[in-house]
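What follows is a single structure, written as structure tokens, with notes after it.
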Amino acid sequence: MPEKPYDHTHIELKWHERWQNADFYKAEENSSKPKFYVLEMLPYPSGMLHIGHIRNYSIGDALARYKWMQGFNVLHPMGWDAFGLPAENAAIKNQRPPREWTLDNIAAMKKTHRRFAFSYDWDREVSTCEPEYYRWNQWFFLKMLERGLAYRKRALVNWCSKCATVLANEQVVDGCCWRHEDTPVEQRALEQWFLKITDYADELLDDMAGLEGEWPERVLTMQRNWIGRSEGTEVDFHLEGTGEPIRVFTTRVDTIYGATCVILAPEHPLNETLLDSGVKAQAKAMVDGRAGRDPGDIDKEGIFTGRYAVNPYSGEKVPIWIANFVLMGYGTGAIMAVPAHDERDFEFCRKYGIAVRPVIRPADGPLAIEPGMKAPYCDYGIVENSGQWSGLASADARKQMSAHAEQQGFGKAAITYRLKDWGISRQRYWGTPIPVIHCPKCGVVPVPENQLPVILPDRIEITGAGRSPLENVPEFVNVTCPACGEAARRETDTMDTFIDSSWYFYRYCDAHNSERPFDPEKIAYWFEIDQYIGGVEHAILHLIYSRFFTKMMRDIGLIKNDEPARRLFTQGMVIAEGAKMSKSKGNVVGADVLADQLGADTSRMFVLFAAPPEKEVDWRTEGAEGIYRFLGRVYRFLTRNTPAEARSGESDRKVLRKLHQTLRKITEDFETRWHFNTCIASIMELVNQLYAEEQNISAAAMQQVLETIALMLAPFAPYLAQEMWEELGHDGPVFRHSWPTFDAELAKEDEAEIVIQVNGKLRARLSAPFGTPKEELEARALADEKVKTFMDGKQIVKIITVPDKIVNIVVR
RNA sequence: GCGGGCGUGGCGAAACUGGCAGACGCGCCAGAUUUAGGUUCUGGUUCUCGAAAGGGAGUGUAGGUUCAAGUCCUAUCGCCCGCACCA
């Protein structure tokens, strides 16, 4: 048969239309099948088409198709995309989300998402921009409010002047906004809504033990650090004169006899009364000087307050300082400085001439007192010069001294977390409105459940003035109080969109439920997620929030699982122009162009071929032609060999062996490593061999090989695979066909190739049947002419033989 | 400073359990087809000595273990990521 040229545009358009119009790929759920849940992408309002996600698409996509062909029920949030239609498709490609939030852009976005949510044929979709999704976000909020898990307080918050909104701690990167990396975050005092994620700090930490081995170690470590649990003691020093307590937190109460001053954070509340106005200004300057700077670059600075505090253990009077290295956000915002045993305290006290007094000695040495010491001394050992605790080991002293503080009422053992409650108030237009009403008489009143969802007004003006644009919409703001009926104001803050992503994957299981967020029975069927795929960049934001939400939903009785995802895979990012490809940077052009020029199959497969999925890749398109060429080679080979011609078949054995070896490699890789780059390489090898043996393959073998190639390509290049499937005389979707099984016997080589080494260097090879005895292999090796020349005049010391593999002759 | 990871051709990479380093692709070189270019097909392509056969060296660097090391161990240099005055 004459071959046809590979016309990707024709093929992709043809199947695009067929897939869109028919209910070709309608989800099919069968309780007798195993389930498999792939999640690889967050439904950010603007995230759908994001190039940074092309790797997710490709990985999760290929995996989902494979699992589907294996006979699993697959729930895949991208709906039909999972079964063929890539996001880079022309039909939706122009709906790139707007970068600047103008009214027009928001209108466009709503349109995009409406279309996205309703246009495809899979009934599990959900869009976080939809009113129904607002309803359930708000419903969760009210549940948390009932349980005291949501609360409002005036707090110093992170503020990005470019976003004109508040940011969560997790959204502050190097002191700057995560979306504007050059804009230092300011601190402002505002009334804010918080979720009490700290209630779950211990559980979030402890349950990580069960994720060990299933989640990347790196992610678990990051979460542990983020939660930052540390055990210590809270102790009240007393302000000299008034006796007012100054509570400090320390992990080393055993060193308290070495405390030579107390240091407060510059924003510590006590400063209000402690400092005169000149010093207050200096304290303010300290706070400002710290913003947006790398802690390593900031010199320690302090100011003596002129006041003193009394050590409750020793009764000693020590000076009170304020210093820029003490953080209000951690512990109590006040510390005792023990310069002899802490590096930072040491540096500070040396600078300001404050006494350094060791109280710990090594277990096997004396207490060293060197006036000119250059560094803090001996971490753990025996406590000395510490009243009744002298002579105890550090650890014992810590316990006993904590207990003492509690008995005497001036302190207690305490656990401190770095994790803070999650500030969710945003002054944006596009988040879920927080469903409460502020009534002058009744205070904060929740919106009754039957009035949900509170939806956003259409007519708004974006001011960027640092107040929610909703405040300028009277018909939104002015309401009557649900409790007393008097005039009241609606809350104008909206929720952090990380709320959406914290539970969206549950909603995928039951997207059209109008009674509840989802049906618990459906969740019980699908959850936990078997395999979650996402970028490392979510290690502490999304992946802590969603774990928190899961535990919260369990506690309100909706679900049974403690954790959202059993296994997590973090894929590498796509880097362009030295930076992570991201929608806020706008450096996301490449893949669209590539898909236009070479097609969706090529761009998808190219990304998979570039590197293993956990690795970062630099986005570059040189080399994409290689993939295009390969797909063309496959297609041309197919079309000139269908129907297959009658030929000798003398290469059948060889070709089928290669076929089954390839199939084995891909099958095993899908089960374990997902190194699709090598899968694709092995298909290329197979095709190269087909070209070489083309004239000697029988018709039956040809048909079998081509069908198997179509099936093997289906996860990677769905359009071409589908086209091949049709050319080979099959109806229906190629994904409906089960994944082919490899035959280990057919994959086996006839003979083993034995490598002959002399002193570890390759000198010859020979072929021998599998299982040839050692002695025979050695005899044949020694008889080899080449080997003889290298042994010439030397003594054989020993011979190491690994059957079917290697003979190493050691000579001297 | 603490924690994690990575260093392999001109480039992306492969080598999964210690057993042939560089699969596969890009790029480059040559040949065939073509009026030519492009496409396609075939062959070559780590470095180095050699006309060739063939030899030698080679996985950041220096040691070590082993019959055998890209892979294991020790030290060291470089790069990347995360955390960080966290008391």
Side-chain angles (χ1 to χ4, degrees), chain A residues 3 5 173-174 216-226 228-230 232-233 248-253 255 259 263 265 290 294-300 323-327 329-338 341-345 347-348 416-418 536-537 539-540 572-573 606 609-612 614-618 620-627 629-630 632-633 636 665 668-669 672-673 675 677-688 691-692 753-765 786 789 797-802 805-811:
Chain A
E3 65 182 31
V173 179
D174 292 335
E217 195 51 46
R218 180 162 59 143
V219 172
L220 296 178
T221 306
M222 282 165 76
Q223 292 209 0
R224 279 194 195 100
N225 289 343
W226 189 260
R229 178 188 153 107
S230 85
T233 313
V248 305
F249 175 77
T250 176
T251 53
R252 294 297 306 276
V253 70
T255 64
I263 310 176
R290 203 161 54 187
D294 184 338
D297 298 345
I298 303 175
D299 286 333
K300 290 184 176 48
N324 59 348
F325 75 96
V326 177
L327 306 175
Y330 185 77
T332 58
I335 64 166
M336 62 177 202
V338 185
H341 303 292
D342 181 282
E343 213 170 300
R344 295 152 303 164
D345 297 348
E347 189 189 331
F348 182 80
T416 293
Y417 299 92
R418 211 183 81 101
V536 222
E537 66 272 21
I540 45 176
M573 294 183 289
F606 174 60
F609 187 62
E614 65 273 19
K615 221 180 136 143
E616 285 187 357
V617 287
D618 251 318
R620 52 169 82 217
T621 53
E622 299 95 48
E625 302 80 20
I627 298 292
R629 249 190 312 260
F630 166 71
R633 265 164 84 80
R636 288 193 309 273
K665 164 147 192 58
E668 286 171 356
D669 238 340
T672 54
R673 299 195 305 167
H675 281 199
N677 54 335
T678 55
C679 290
I680 293 167
S682 69
I683 302 178
M684 286 172 171
E685 281 181 58
L686 171 63
V687 171
N688 289 346
Y691 266 67
E753 192 185 50
I754 313 293
V755 172
I756 313 296
Q757 298 178 335
V758 178
N759 285 347
K761 291 206 168 125
L762 172 72
R763 294 305 179 190
R765 9 173 137 245
K786 185 92 189 297
T789 65
V797 179
K798 68 168 144 174
I799 302 178
I800 286 102
T801 303
V802 182
K805 261 193 184 164
I806 199 164
V807 177
N808 189 9
I809 303 164
V810 185
V811 298

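Chain identifiers are assigned alphabetically (A, B, ...) following the order of the sequence lines, protein sequences preceding nucleic acid strands; residue numbering begins at 1 within each chain. All values reported here derive from a predicted model rather than from experimental measurement.
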Whichever of Arg673(A) and Glu685(A) has the more 5' nearest nucleotide on RNA chain B, that residue is Arg673(A)

Open item on the list: So Arg218(A), base contact, sugar-phosphate only, or nothing? Heavy-atom distance under 4.0 Å.
Closed with: sugar-phosphate

Shorter than 3.5 Å, N or O on both sides, protein versus nucleotides 28-31 of chain B: list them out with atom names.
none

query = Which part of the nucleic acid, if any, lies within reach of Glu668(A) when heavy atoms closer than 4.0 Å are counted: base, sugar-phosphate only, or nothing?
reply = nothing

Rounded to whole Å, the CZ-P distance (Arg224(A) to A84(B)) equals 17 Å

Any Arg344(A) side-chain nitrogen or oxygen under 4.0 Å from OP1 or OP2 of C86(B): yes

Counting only side-chain nitrogens and oxygens, does Arg629(A) get under 4.0 Å of the OP1 or OP2 atom of C26(B)? yes

- Distance below 4.0 Å between Asn677(A) side-chain N/O and A14(B) OP1 or OP2: yes

Exercise. Look at all strands and tell whether Tyr691(A) reaches a base, only sugar-phosphate, or nothing, counting heavy atoms closer than 4.0 Å.
Key: sugar-phosphate

Over all strands shown, is Val338(A) touching base, sugar-phosphate only, or nothing at heavy-atom distances under 4.0 angstrom? nothing

When Asn759(A) and Glu622(A) are each assigned the nearest nucleotide of RNA chain B, the 5'-most assignment goes to Glu622(A)

Hey, does the side chain of Arg633(A) come within less than 4.0 Å of C41(B)'s phosphate (OP1/OP2), counting only N and O? yes

Between the protein and nucleotides 56-59 of chain B, which nitrogen or oxygen pairs come in under 3.5 angstrom?
from, atom 1, to, atom 2, distance (Å)
G56(B), OP1, Arg763(A), NH2, 3.4
G56(B), OP2, Arg763(A), NH1, 3.3
A57(B), OP2, Lys761(A), NZ, 3.4

Can you find a side chain N or O atom of Lys798(A) that sits less than 4.0 Å from OP1 or OP2 on C67(B)? yes

Quick one: is G19(B) close enough that its OP1 or OP2 comes under 4.0 Å of any side-chain N or O from Arg765(A)? no

Check the side chains of Arg633(A) and Asn688(A) for a donor-acceptor pair under 3.5 angstrom, ignoring hydrogens and angles. yes

Given the structure, check if the side chain of Glu616(A) and the base of C80(B) hold any donor-acceptor pair shorter than 3.5 Å.
no

> When we call it a touch if two heavy atoms are under 4.0 Å apart, what does Glu217(A) touch: a base, just sugar-phosphate, or nothing?
Replying inline: nothing

Practice item. Report yes if a side-chain nitrogen or oxygen of Arg620(A) is closer than 4.0 Å to either non-bridging phosphate oxygen (OP1 or OP2) of C26(B); otherwise report no. Key: no

- Could you tell me whether Asp345(A) contacts a base, only the sugar-phosphate backbone, or nothing, with contacts defined as non-hydrogen atoms closer than 4.0 Å? nothing

### Task
With heavy atoms under 4.0 Å as the rule, sort Val810(A) into base, sugar-phosphate or nothing.
sugar-phosphate

query: So, is Asn688(A) near the phosphate of G25(B), with a side-chain N or O under 4.0 Å from OP1 or OP2?
result: yes

A14(B) OP1/OP2 closer than 4.0 Å to side-chain N/O of Lys615(A) = no

